[in-house]
Amino acid sequence: MNLKEKTNNMLNFYGIRAKKKFGQNFLVDENIIDKTIEMSDIHSDDVIIEIGPGLGNLTEKLLDKSELVIAFEIDEDMINILEDRFKNRNNFILINKDILKVNINDILKQNNISLDSVKLIANLPYYITTPIMFKIFEESCYIKSMTIMVQKEVADRIISKPKSKDYGMLTINTEYYGEAIKLFDVPNTSFLPSPKVTSSIIKICLVKRYDAKNEEIFFKLIKASFAQRRKKLINSIENSNVLSIKKEDLKKILDKNNIPDTARAEELTIKQYINIANEIAGI
Ligand code: SAM
(Lines give C-alpha, C1' and ligand atoms only; values in the text may rest on other atoms or scores of the structure.)
Protein backbone atom coordinates (compact mmCIF):
# COMPACT_ATOMS: atom_id res chain seq x y z
CA MET A 1 0.00 0.00 0.00
CA ASN A 2 1.48 3.40 -0.90
CA LEU A 3 1.48 6.39 1.43
CA LYS A 4 -1.44 8.06 -0.35
CA GLU A 5 -3.64 4.99 0.15
CA LYS A 6 -2.44 4.65 3.75
CA THR A 7 -3.30 8.31 4.42
CA ASN A 8 -6.75 7.95 2.86
CA ASN A 9 -7.34 4.87 4.98
CA MET A 10 -6.34 6.72 8.15
CA LEU A 11 -8.74 9.57 7.38
CA ASN A 12 -11.55 7.10 6.67
CA PHE A 13 -10.83 4.99 9.73
CA TYR A 14 -11.03 8.01 12.03
CA GLY A 15 -13.91 9.51 10.05
CA ILE A 16 -12.27 12.86 9.40
CA ARG A 17 -11.37 15.09 6.47
CA ALA A 18 -8.50 17.49 5.90
CA LYS A 19 -9.40 20.90 7.35
CA LYS A 20 -8.86 23.91 5.13
CA LYS A 21 -8.93 26.31 8.07
CA PHE A 22 -5.79 24.66 9.48
CA GLY A 23 -4.02 24.52 6.11
CA GLN A 24 -4.07 20.72 6.07
CA ASN A 25 -2.40 19.30 2.98
CA PHE A 26 -0.81 16.02 3.99
CA LEU A 27 2.44 14.91 2.40
CA VAL A 28 1.81 11.56 0.73
CA ASP A 29 4.93 11.24 -1.40
CA GLU A 30 7.46 8.96 0.25
CA ASN A 31 10.30 10.16 -2.02
CA ILE A 32 9.77 13.80 -1.05
CA ILE A 33 9.73 12.89 2.64
CA ASP A 34 12.95 10.87 2.29
CA LYS A 35 14.66 13.62 0.30
CA THR A 36 13.62 16.22 2.89
CA ILE A 37 14.96 14.10 5.74
CA GLU A 38 18.19 13.42 3.89
CA MET A 39 18.80 17.08 3.06
CA SER A 40 17.96 18.32 6.57
CA ASP A 41 21.10 16.60 7.81
CA ILE A 42 19.61 15.05 10.96
CA HIS A 43 22.00 13.48 13.48
CA SER A 44 20.96 10.79 15.93
CA ASP A 45 21.42 13.17 18.88
CA ASP A 46 19.38 15.99 17.33
CA VAL A 47 16.19 17.30 18.89
CA ILE A 48 13.66 18.07 16.19
CA ILE A 49 10.86 20.57 16.50
CA GLU A 50 8.02 19.84 14.11
CA ILE A 51 5.21 22.30 13.54
CA GLY A 52 1.95 20.71 12.44
CA PRO A 53 2.69 16.95 12.37
CA GLY A 54 -0.80 16.30 10.97
CA LEU A 55 -1.28 12.56 10.54
CA GLY A 56 2.42 11.94 11.20
CA ASN A 57 3.75 10.99 7.76
CA LEU A 58 6.85 13.16 8.14
CA THR A 59 6.96 12.66 11.93
CA GLU A 60 7.43 8.91 11.58
CA LYS A 61 10.73 9.35 9.72
CA LEU A 62 11.85 12.13 12.05
CA LEU A 63 11.28 9.78 15.01
CA ASP A 64 13.40 7.11 13.32
CA LYS A 65 16.31 9.47 12.76
CA SER A 66 16.55 11.69 15.83
CA GLU A 67 16.92 11.67 19.59
CA LEU A 68 13.59 13.39 20.21
CA VAL A 69 10.75 15.00 18.29
CA ILE A 70 8.72 17.77 19.91
CA ALA A 71 5.65 18.39 17.77
CA PHE A 72 3.12 21.22 18.03
CA GLU A 73 -0.31 20.49 16.56
CA ILE A 74 -3.38 22.70 16.87
CA ASP A 75 -5.99 20.17 15.70
CA GLU A 76 -7.34 17.80 18.35
CA ASP A 77 -8.43 15.28 15.71
CA MET A 78 -4.79 14.94 14.66
CA ILE A 79 -3.70 14.58 18.29
CA ASN A 80 -5.86 11.47 18.74
CA ILE A 81 -4.42 9.88 15.62
CA LEU A 82 -0.82 10.77 16.46
CA GLU A 83 -1.20 9.40 19.99
CA ASP A 84 -2.43 6.12 18.55
CA ARG A 85 0.14 5.96 15.78
CA PHE A 86 3.16 6.69 17.97
CA LYS A 87 2.09 5.16 21.28
CA ASN A 88 5.10 2.86 21.29
CA ARG A 89 7.65 5.59 20.67
CA ASN A 90 9.50 6.95 23.66
CA ASN A 91 11.13 9.86 21.83
CA PHE A 92 7.97 11.82 21.03
CA ILE A 93 6.53 14.83 22.84
CA LEU A 94 3.24 16.03 21.38
CA ILE A 95 1.87 19.42 22.35
CA ASN A 96 -1.71 20.29 21.44
CA LYS A 97 -1.24 24.05 21.07
CA ASP A 98 -1.22 26.82 18.53
CA ILE A 99 2.46 27.32 17.66
CA LEU A 100 1.95 31.08 17.59
CA LYS A 101 0.87 31.02 21.24
CA VAL A 102 3.70 29.02 22.79
CA ASN A 103 7.14 29.98 23.92
CA ILE A 104 9.42 27.38 22.34
CA ASN A 105 12.41 28.29 24.52
CA ASP A 106 10.38 27.72 27.70
CA ILE A 107 9.19 24.33 26.45
CA LEU A 108 12.73 23.25 25.61
CA LYS A 109 13.91 24.26 29.08
CA GLN A 110 10.92 22.69 30.89
CA ASN A 111 11.75 19.37 29.23
CA ASN A 112 15.46 19.62 30.08
CA ILE A 113 16.38 19.43 26.43
CA SER A 114 20.03 19.71 25.52
CA LEU A 115 20.08 22.98 23.62
CA ASP A 116 23.09 22.19 21.44
CA SER A 117 21.40 20.62 18.47
CA VAL A 118 17.82 21.71 18.02
CA LYS A 119 16.52 21.77 14.45
CA LEU A 120 13.13 22.66 13.07
CA ILE A 121 11.65 20.58 10.27
CA ALA A 122 8.09 21.11 9.09
CA ASN A 123 5.59 21.11 6.31
CA LEU A 124 4.16 24.43 7.41
CA PRO A 125 0.50 25.45 7.40
CA TYR A 126 0.66 28.01 4.56
CA TYR A 127 -1.88 30.43 6.00
CA ILE A 128 0.61 31.38 8.75
CA THR A 129 4.00 30.79 7.10
CA THR A 130 5.32 34.31 7.63
CA PRO A 131 4.14 34.74 11.25
CA ILE A 132 5.74 31.39 12.10
CA MET A 133 9.01 32.35 10.42
CA PHE A 134 9.14 35.72 12.16
CA LYS A 135 8.33 34.10 15.50
CA ILE A 136 11.21 31.64 15.13
CA PHE A 137 13.58 34.39 14.01
CA GLU A 138 12.74 36.64 16.91
CA GLU A 139 12.32 34.15 19.74
CA SER A 140 14.04 30.90 19.21
CA CYS A 141 17.70 31.47 19.73
CA TYR A 142 18.32 27.73 20.27
CA ILE A 143 17.13 26.55 16.87
CA LYS A 144 20.13 25.96 14.60
CA SER A 145 18.33 25.47 11.32
CA MET A 146 14.87 25.30 9.85
CA THR A 147 14.00 23.07 6.92
CA ILE A 148 10.50 24.01 5.89
CA MET A 149 7.98 23.40 3.15
CA VAL A 150 6.50 26.67 1.92
CA GLN A 151 4.68 27.84 -1.18
CA LYS A 152 7.13 28.20 -4.08
CA GLU A 153 6.17 31.84 -4.41
CA VAL A 154 7.20 32.42 -0.77
CA ALA A 155 10.45 30.48 -1.28
CA ASP A 156 11.27 32.71 -4.25
CA ARG A 157 10.76 35.80 -2.07
CA ILE A 158 12.95 34.39 0.69
CA ILE A 159 15.94 33.67 -1.54
CA SER A 160 15.68 36.57 -3.97
CA LYS A 161 18.36 39.17 -4.60
CA PRO A 162 18.27 42.98 -4.76
CA LYS A 163 16.73 44.48 -7.92
CA SER A 164 14.30 41.62 -8.35
CA LYS A 165 10.54 41.88 -7.98
CA ASP A 166 10.52 39.22 -5.25
CA TYR A 167 13.02 41.08 -3.09
CA GLY A 168 11.38 42.60 -0.04
CA MET A 169 10.77 42.54 3.69
CA LEU A 170 10.69 38.75 3.91
CA THR A 171 14.03 38.48 2.06
CA ILE A 172 15.76 41.01 4.26
CA ASN A 173 14.27 39.70 7.52
CA THR A 174 15.42 36.19 6.65
CA GLU A 175 18.86 37.38 5.62
CA TYR A 176 19.21 39.24 8.91
CA TYR A 177 18.71 36.06 10.91
CA GLY A 178 20.23 33.41 8.71
CA GLU A 179 21.29 31.99 5.39
CA ALA A 180 18.58 30.52 3.19
CA ILE A 181 18.84 28.09 0.31
CA LYS A 182 16.13 26.46 -1.74
CA LEU A 183 16.56 22.68 -1.72
CA PHE A 184 13.96 21.61 -4.28
CA ASP A 185 10.45 22.20 -5.60
CA VAL A 186 7.58 19.88 -4.74
CA PRO A 187 4.66 19.34 -7.14
CA ASN A 188 1.13 19.72 -5.79
CA THR A 189 0.48 16.04 -6.54
CA SER A 190 2.68 15.13 -3.56
CA PHE A 191 -0.09 16.21 -1.16
CA LEU A 192 -3.53 15.06 -0.14
CA PRO A 193 -5.59 17.08 -0.84
CA SER A 194 -3.53 18.75 -3.60
CA PRO A 195 -3.03 22.47 -3.03
CA LYS A 196 -3.41 24.76 -6.06
CA VAL A 197 0.21 25.87 -5.88
CA THR A 198 3.66 24.34 -6.26
CA SER A 199 5.68 24.14 -3.05
CA SER A 200 9.38 24.28 -2.20
CA ILE A 201 11.57 23.01 0.56
CA ILE A 202 13.95 25.62 1.87
CA LYS A 203 16.63 25.40 4.51
CA ILE A 204 17.60 28.36 6.65
CA CYS A 205 20.72 28.06 8.80
CA LEU A 206 20.13 30.42 11.67
CA VAL A 207 23.47 32.13 12.01
CA LYS A 208 23.28 35.83 12.62
CA ARG A 209 25.67 37.58 10.28
CA TYR A 210 24.50 41.15 10.77
CA ASP A 211 24.00 43.28 13.83
CA ALA A 212 22.04 46.51 13.62
CA LYS A 213 22.84 48.97 16.44
CA ASN A 214 19.14 49.41 17.04
CA GLU A 215 17.02 46.55 15.66
CA GLU A 216 13.75 48.38 16.18
CA ILE A 217 14.92 51.19 13.89
CA PHE A 218 16.34 48.70 11.37
CA PHE A 219 13.06 46.77 11.05
CA LYS A 220 11.03 49.99 10.93
CA LEU A 221 13.31 51.24 8.16
CA ILE A 222 12.70 48.07 6.11
CA LYS A 223 8.94 48.33 6.65
CA ALA A 224 8.85 51.99 5.71
CA SER A 225 11.09 51.51 2.67
CA PHE A 226 8.93 48.75 1.17
CA ALA A 227 5.60 50.33 2.14
CA GLN A 228 5.39 51.81 -1.38
CA ARG A 229 7.99 49.85 -3.25
CA ARG A 230 7.35 51.50 -6.63
CA LYS A 231 8.07 54.94 -5.22
CA LYS A 232 11.49 56.36 -4.45
CA LEU A 233 12.77 55.01 -1.14
CA ILE A 234 12.96 58.49 0.31
CA ASN A 235 9.29 59.19 -0.44
CA SER A 236 8.13 55.76 0.70
CA ILE A 237 9.80 56.35 4.07
CA GLU A 238 8.36 59.86 4.34
CA ASN A 239 4.80 58.76 3.48
CA SER A 240 4.75 55.68 5.65
CA ASN A 241 4.80 57.33 9.12
CA VAL A 242 6.57 54.23 10.44
CA LEU A 243 9.86 55.97 10.98
CA SER A 244 10.22 59.56 12.09
CA ILE A 245 13.13 61.15 10.28
CA LYS A 246 13.36 64.45 8.45
CA LYS A 247 13.67 64.18 4.68
CA GLU A 248 16.82 66.33 4.63
CA ASP A 249 18.49 64.13 7.28
CA LEU A 250 17.63 61.03 5.26
CA LYS A 251 19.03 62.66 2.10
CA LYS A 252 22.31 63.36 3.90
CA ILE A 253 22.54 59.76 5.10
CA LEU A 254 21.88 58.39 1.60
CA ASP A 255 24.48 60.78 0.23
CA LYS A 256 27.05 59.67 2.76
CA ASN A 257 26.42 56.06 1.73
CA ASN A 258 26.64 56.85 -2.00
CA ILE A 259 23.00 55.96 -2.55
CA PRO A 260 21.24 58.23 -5.07
CA ASP A 261 18.06 59.81 -3.72
CA THR A 262 16.23 58.35 -6.73
CA ALA A 263 16.88 54.81 -5.42
CA ARG A 264 13.98 52.45 -4.82
CA ALA A 265 13.70 50.05 -1.88
CA GLU A 266 14.44 46.94 -3.93
CA GLU A 267 17.82 48.29 -5.08
CA LEU A 268 19.49 48.33 -1.65
CA THR A 269 21.37 45.47 -0.03
CA ILE A 270 20.86 44.51 3.61
CA LYS A 271 24.28 45.98 4.40
CA GLN A 272 23.16 49.33 3.03
CA TYR A 273 19.97 49.18 5.10
CA ILE A 274 22.00 48.42 8.20
CA ASN A 275 24.29 51.37 7.52
CA ILE A 276 21.32 53.69 7.08
CA ALA A 277 19.61 52.35 10.22
CA ASN A 278 22.82 52.76 12.23
CA GLU A 279 23.10 56.37 11.09
CA ILE A 280 19.46 57.05 11.98
CA ALA A 281 20.03 55.48 15.41
CA GLY A 282 22.90 57.89 15.94
CA ILE A 283 20.90 61.08 15.19
N1 SAM B 1 3.15 17.50 8.66
C2 SAM B 1 1.96 16.97 8.03
C3 SAM B 1 2.31 16.42 6.68
O4 SAM B 1 3.35 16.87 6.15
O5 SAM B 1 1.58 15.61 6.15
C6 SAM B 1 0.84 18.00 7.93
C7 SAM B 1 1.22 19.31 7.30
S8 SAM B 1 -0.15 20.38 7.02
C9 SAM B 1 0.44 21.34 5.68
C10 SAM B 1 -0.05 21.61 8.32
C11 SAM B 1 -0.32 21.10 9.74
O12 SAM B 1 -0.22 22.20 10.65
C13 SAM B 1 -1.72 20.52 9.96
O14 SAM B 1 -1.63 19.32 10.67
C15 SAM B 1 -2.45 21.57 10.80
O16 SAM B 1 -3.46 21.06 11.62
C17 SAM B 1 -1.27 22.15 11.59
N18 SAM B 1 -1.50 23.53 12.08
C19 SAM B 1 -2.21 24.51 11.47
N20 SAM B 1 -2.17 25.65 12.19
C21 SAM B 1 -1.39 25.38 13.27
C22 SAM B 1 -0.98 26.16 14.40
N23 SAM B 1 -1.33 27.44 14.53
N24 SAM B 1 -0.21 25.56 15.34
C25 SAM B 1 0.15 24.25 15.22
N26 SAM B 1 -0.21 23.47 14.18
C27 SAM B 1 -0.96 24.02 13.21
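In listed order, ligands and their atoms are each counted from 1. The structure presented is a predicted model; accordingly, all values stated were derived computationally and were not measured.
- Screening Arg229, Arg230, Lys165 for a salt bridge (Lys or Arg N to Asp or Glu O under 4.0 Å) involving Glu266 leaves a single residue, Arg229.
- In terms of protein heavy-atom proximity, atom 4 (O) of ligand 1 is nearest to Asn123 ND2, 2.8 Å.
- Salt-bridge check for Lys220 with Glu216: passed, with a basic side-chain N closer than 4.0 Å to an acidic carboxylate O.
- Nearest to atom 22 (C) of ligand 1 by heavy-atom distance, out of Leu124, Ile95, Ile74, is Ile74.
- The aromatic rings of Phe226 and Tyr167 stand perpendicular to each other, their planes meeting at an angle above 60°, with 30° marking the opposite boundary.
- With hydrogens left out, the protein atom closest to atom 16 (O) of ligand 1 is Glu73 OE2, 2.6 Å, a heavy atom.
- Looking at Lys163 and Glu267, no side-chain N of the basic residue comes within less than 4.0 Å of a carboxylate O on the acidic one, giving no salt bridge.
- Between Tyr127 and ligand 1, at least one N/O pair is under 3.5 Å apart.
- Between the choices Ala18, Pro53, Ser190, Ala71, the shortest heavy-atom distance to atom 2 (C) of ligand 1 belongs to Pro53.
- Classification of Lys144 and Asp41 as a salt-bridged pair fails, no side-chain N sitting under 4.0 Å from a carboxylate O.
- Taking the six-membered ring wherever Trp is involved, the centroid distance between the rings of Phe219 and Tyr176 falls below 6.0 Å.
- An N or O contact shorter than 3.5 Å links Gln24 to ligand 1 by distance.
- Ranked by closest heavy atom to atom 1 (N) of ligand 1, the top entry among Ala122, Gly54, Gly23, Gly52 is Gly52.
- Below 3.5 Å of separation, one finds an N or O of Leu27 facing an N or O of ligand 1.
- Below 3.5 Å of separation, one finds no N or O of Leu58 facing any N or O of ligand 1.
- At the shortest separation from atom 19 (C) of ligand 1 among protein heavy atoms lies Phe22 O, 3.1 Å.
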